Amino acid sequence: MEQFQGRDSTPRAGSIDKSRVLEIKPLRCLVPIFPSQPNFTSFNTPQGAAPFVCSSPSGPFPPGATSFFPFFGAPGSQGTSGHNPQTTPGQTPPFPFNTPVSDAVPITSFRASSPPRAGATSYHHSRAANGDTTSSGRVTRRSAKSQLQDGVAGEAGNGNAEGERTRFRKKGSMDPEVDDILTSFNIIEFNSARQNDGDKDSVEYVLLIFDLLRRKIAQIEDSKVSSPGVIKRPDLRAGTFLMTKNIRTNATKRMGSVPGVEVGDIFFFRFELCLVGLHSPSMAGIDYLRVNLQEEPVAVSVVSSGGYEDDVEDGNVLIYSGQGGNLNIDQKLERGNLALKNGLDRGNEVRVIRGVKDLASLGKVYVYDGLYKVEESWVEKGRSGCNVFKFKLIRLRGQPEAFTTWKLIQQWKDGISSRIGVILPDLTSGAESLPVSLVNEVDNEKGPEYFTYFSTIKYSKEANSADSSSGCACAGGCLPGNLNCYCIQKNGGYLPYVANGVVANAGQLIYECGPSCLCPPNCKNRVSQGGLKVRFEVFKTKDKGWGLRSWDPIRGGAYICEYAGEAIDNSKVEALHSDMDDYLFDATRSCPPILPSDSNEAPKLPFPLAISAKNIGNVARFMNHSCSPNVIWQPVLRTNNRESDLHVAFHAVRHIPPMTELTYDYGMVPPEEMGRQKKLCLCGSSKCRGFFH
DNA sequence: TTCCTTCAGAGGTAT
DNA sequence: ACCTCTGAAGGAAGC
């Protein structure tokens, strides 16, 4: 068997499969480009090597919206009878009268026999129910008082405004600036086959484009003067745009698993679930399918997100509350509730997406927890005394762990249970604000070679004293839209980050505030200076030596860490390559674009920086190579124009679930080095280049 | 075609 | 943490 040669393993002599290497096709080579348009700024490297050139953007787009490394290459109704065909002797009957709920009632007695639209009519008086259909079982998000106000005055008061909005609001209409951004994305059109049935590539592409758009729009919106009451929803803007362009996949509703979506995948917006075909309603919690008009609807997926009083204590069981109803109205056996009931009768698989609080952002993470089956259903009285449907879903066996892993990690954090295989609880010895565990669950190796933990890059030359003339003067922190801020100017008029330390533009040089700026350490433009944000562990992989992963979920674009180590003179880089320094970071190596490209190759313009983490380094030295990485690096210059303020920051390419190994592309080997010894790469990706240095 | 529903998400305010 | 506000897809009803 071939072995994957990772950073922590040495290549075996003769281990390279020559036939495989020979078959490698020429690769498109897109490299970091720092826009060389008007408004140049440049500086020379200390070694006098080719300068890298940066520019403020010109034209209508902020930097990064145009072709850019590494993302933009170019730019039968049996369900209601009560008979359960799945039931065999000894199994739980479909309508459990022995449910522990004291006032349980057979669910079929609530079958809606009302004429068409009866349900709608009954809801109608509370159109105010937007987000506040406070069902008897649902956790209220709005008070009963405000509901009452809505009921009395809301309709009349809003009637006019509602009409105006409907009349003048064009779907998908946006301001010109955002329109320009959207059209500047050179998006690959999806044919109808790809729209209807997806695969891994399609799913990844859709999610990537969604998030890039969303971040871009957020950056622009953030920079505008905020008018009170105006709510910015970059997620909806990006999502509707993709919907209208048909950049979506698995649009054909289906039962069971969804091609290209794996159990454990995470999402940060409901729209993402919709775009990849996992759960199509933009807000509702139950999705269902009607094979034809004669058929009853059957549930295909549910989102358990905290809106109702679900019971989520057991990782393999979900007690899900039905939809509809409110403080004064019973839930009805229609729509989603009926669909779940039919799912029970038929024994259908139901996808379950669990919403989990994201402590990093106070938002929500959606975890795809795989397939469940509805095992029981009943009706109980909610707090207000109205009927609420309950559905007991049981997770199918044999699926990868997902939500249970989240629960386990929480237990590790809370100290309720301890992580197995821990060698060192904190290999940084307190150098970082969060501990980094060293874990081996694979073999007996006691740890990587000795090194000194150091949290940032170390230059051999002493830094010059801070030059206050080149910093910003934002005493309260840099605010988006403040065009007087020196650092925002350097970034083309925008703050390079949006919420949660997420970069707006992937693969672009970032100007952060530096030592000479007057803004405080918690300035939003100092993301890479705030230390580690997620709980890492260094772990022994099966075949790649040591690797790095996180206990926390990581958003696409979020800052992960920098590459710490000793900055290497250009003149010595070659020697280190020859020495096969496993911990050499070489920014002159280009990486292929993350998105497929049909553009001409861009000229190579390397970033003049190399770092060795052989002797000193941080968690980044443990990240292994992959040709389909989930992490990319981008250069960060802490405003001062001194070479000692150059850093390399790693950001997530896409959302990364907990306990997923973090990998980045070590870069492509220049043609003149093709003959040199390489490490065989078996990252398993369809895009695998076969080897790396 | 229009109406209606719906386990969002942001942002402000009070604590 | 609570409250308020605008939202968009798609089902269901209406024409």
Side-chain angles (χ1 to χ4, degrees), chain A residues 112 115-135 137-147 149-150 154 158 161-163 165-166 169-173 214 218 221-222 226-244 248 251 253 267-275 277 279-290 293 297 301-310 312 318 320-326 329 331-332 334-339 352-358 361-364 366 388 498-499:
Chain A
R117 288 189 70 78
T121 311
S122 63
Y123 288 123
H124 185 255
H125 79 278
S126 64
R127 173 254 168 265
N130 284 340
D132 65 343
T133 35
T134 312
S135 75
R138 179 172 175 174
V139 177
T140 53
R141 288 203 302 231
R142 297 182 59 178
S143 65
K145 186 180 157 194
S146 70
Q147 273 195 64
Q149 286 169 339
D150 281 333
N158 291 339
E162 191 84 20
R165 199 169 59 235
T166 311
R169 189 187 59 204
K170 204 177 82 192
K171 188 177 174 184
S173 164
R214 187 191 63 79
E221 291 290 354
D222 286 349
S226 64
S227 37
V230 176
I231 293 164
K232 301 161 184 169
R233 292 291 299 268
D235 57 322
L236 300 184
R237 300 277 282 278
T240 48
F241 178 78
L242 293 188
M243 287 296 235
T244 57
R248 57 185 301 189
K253 209 177 268 194
F267 307 86
F268 285 83
F269 294 91
R270 285 289 300 262
F271 237 117
E272 294 176 323
L273 306 179
C274 184
L275 288 167
H279 185 85
S280 51
S282 56
M283 292 178 79
I286 307 170
D287 194 10
Y288 50 95
L289 173 64
R290 206 186 275 272
L293 287 175
S301 57
V302 298
V303 177
S304 170
S305 190
Y308 290 75
E309 290 182 329
D310 298 339
V312 298
L318 173 65
Y320 193 84
S321 303
Q323 64 186 190
N326 66 23
I329 299 173
Q331 290 188 346
K332 292 186 168 57
E334 58 185 21
R335 299 173 191 267
N337 300 339
L338 178 58
V352 168
I353 299 104
R354 298 202 185 229
V356 183
K357 272 184 187 161
D358 177 25
S361 67
L362 300 176
K364 215 174 273 178
Y366 298 97
V388 177
V498 295

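Nothing here was measured: the structure is a model prediction, and the numbers come from that model. Chain A is the first sequence line, chain B the second, and so forth, proteins listed ahead of strands; every chain is numbered from 1.
- In this structure, the side chain of Asn337(A) engages the main chain of Lys332(A) through a donor-acceptor pair within 3.5 Å.
- For Arg335(A), whose side chain is taken as the heavy atoms from C-beta onward, the closest listed nucleotide among dT5(B), dC7(B), dG11(B) is dT5(B).
- DNA chain B forms stems at B:1-6 with C:8-13, B:8-13 with C:1-6, each a run of 3 or more consecutive Watson-Crick or G-U wobble pairs whose two key distances fall under 3.5 Å.
- A close approach under 4.0 Å does not occur between any side-chain nitrogen or oxygen of Thr240(A) and OP1 or OP2 of dA9(C).
- Of the candidate nucleotides dA9(C), dA8(C), dC7(B), dA8(C) has the atom lying nearest to any side-chain atom of Met283(A).
- Nucleic acid contact class of Arg270(A) (heavy atoms, under 4.0 Å, all strands): sugar-phosphate only.
- In this structure, Ile329(A) places its CD1 atom 10 Å from P of dT6(B), rounding to the nearest Å.
- If you take CZ of Phe267(A) and C1' of dA8(B), they are 16 Å apart, rounded to a whole angstrom.
- No option in Ile353(A), Asp287(A), Asp310(A), Ile286(A) other than Ile286(A) meets the side chain to side chain contact (heavy atoms under 4.5 Å, CB included) test with Val302(A).
- For the pair Phe271(A) CZ and dG9(B) C1', the computed distance is 12 Å after rounding to whole Å.
- Of the inter-residue distances, the one linking Phe271(A) atom CZ with Arg237(A) atom CZ reads 12.5 Å to the nearest 0.5 angstrom.
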Verdict with reasoning, Phe269(A) to Leu236(A), per side chain to side chain contact (heavy atoms under 4.5 Å, CB included): CA-CA 9 Å; Phe269(A) 294 91; Leu236(A) 300 184; over 6 Å; no
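- Distance from the side chain of Ser321(A) is smallest for dC7(B) among the nucleotides dG10(C), dA8(C), dC7(B).
- Across all strands shown, Tyr288(A) has heavy atoms under 4.0 Å from sugar-phosphate atoms exclusively, and none from any base.
- Distance from the side chain of Ser280(A) is smallest for dG10(C) among the nucleotides dA10(B), dA8(C), dG10(C).
- At a threshold of 4.0 angstrom between heavy atoms, the contacts of Arg354(A) with the nucleic acid are absent.
- Under 4.0 angstrom from either OP1 or OP2 of dG10(C) there lies at least one side-chain N or O belonging to Arg248(A).
- Nucleotides of DNA chain B nearest to Pro234(A) and Ile286(A) differ in position, and the one nearer the 5' end is that of Ile286(A).
- Rounded to an integer number of Å, the gap from Lys232(A) NZ to dT4(C) P is 22 Å.
- Mapping Gly285(A) and Arg214(A) onto DNA chain B by nearest heavy atom places Gly285(A) closer to the 5' end of the strand.
- Nearest to the side-chain atoms of Ser282(A) among the listed nucleotides dA8(C), dC7(B), dA12(C) stands dA8(C).
- Taking every side-chain heavy atom of Tyr366(A) into account, dG9(B) is the closest of dC7(B), dA9(C), dG9(B).
- Looking at the side chain of Arg290(A), the nearest of the listed nucleotides dA12(C), dT6(B), dG10(C) is dA12(C).
- Between Arg354(A) and Leu318(A) the shortest side-chain heavy-atom distance falls below 4.5 Å.
- When the C1' atom of dC7(B) is taken as reference, atom NZ of Lys357(A) falls 14 Å away, rounded to whole Å.
- Nearest-nucleotide positions on DNA chain C place Gly239(A) closer to the 5' end than the other of Gly239(A) and Pro297(A).
- In this structure, of dA8(C), dG10(C), dC7(B), it is dC7(B) that holds the atom nearest to the side chain of Asp310(A).
- Computed from coordinates, the Gln323(A) CD to dA12(C) P distance equals 10 Å when rounded to whole Å.
- Remark: side-chain polar atoms of Gln331(A) are paired, donor with acceptor, to backbone N or O of Gly322(A) under 3.5 angstrom.
- In this structure, the nucleotide among dG7(C), dC7(B), dG9(B) sitting nearest to the side chain of Arg233(A) is dG9(B).
- Between Lys332(A) and the phosphate of dT5(B), there is no side-chain N or O to OP1/OP2 separation shorter than 4.0 Å.
- Side-chain proximity of Phe269(A) to the nucleotides dA10(B), dG11(C), dA8(B) is greatest for dA10(B).
- Rounded to the nearest 0.5 Å, atoms NZ (Lys253(A)) and OG (Ser301(A)) are 7.5 Å apart.
- Whole-Å rounding puts the Leu273(A) CG to dC7(B) C1' distance at 12 Å.
- Judged by distance alone, with hydrogens and angles left aside, the side-chain atoms of Arg270(A) form a donor-acceptor pair with the main-chain N or O of Met283(A) at under 3.5 Å.
- Distance CD (Gln331(A)) to P (dT5(B)): 14 Å, rounded to an integer number of Å.
- Between the side chain of Glu221(A) and the main chain of Lys232(A), no donor-acceptor pair closer than 3.5 Å is present.
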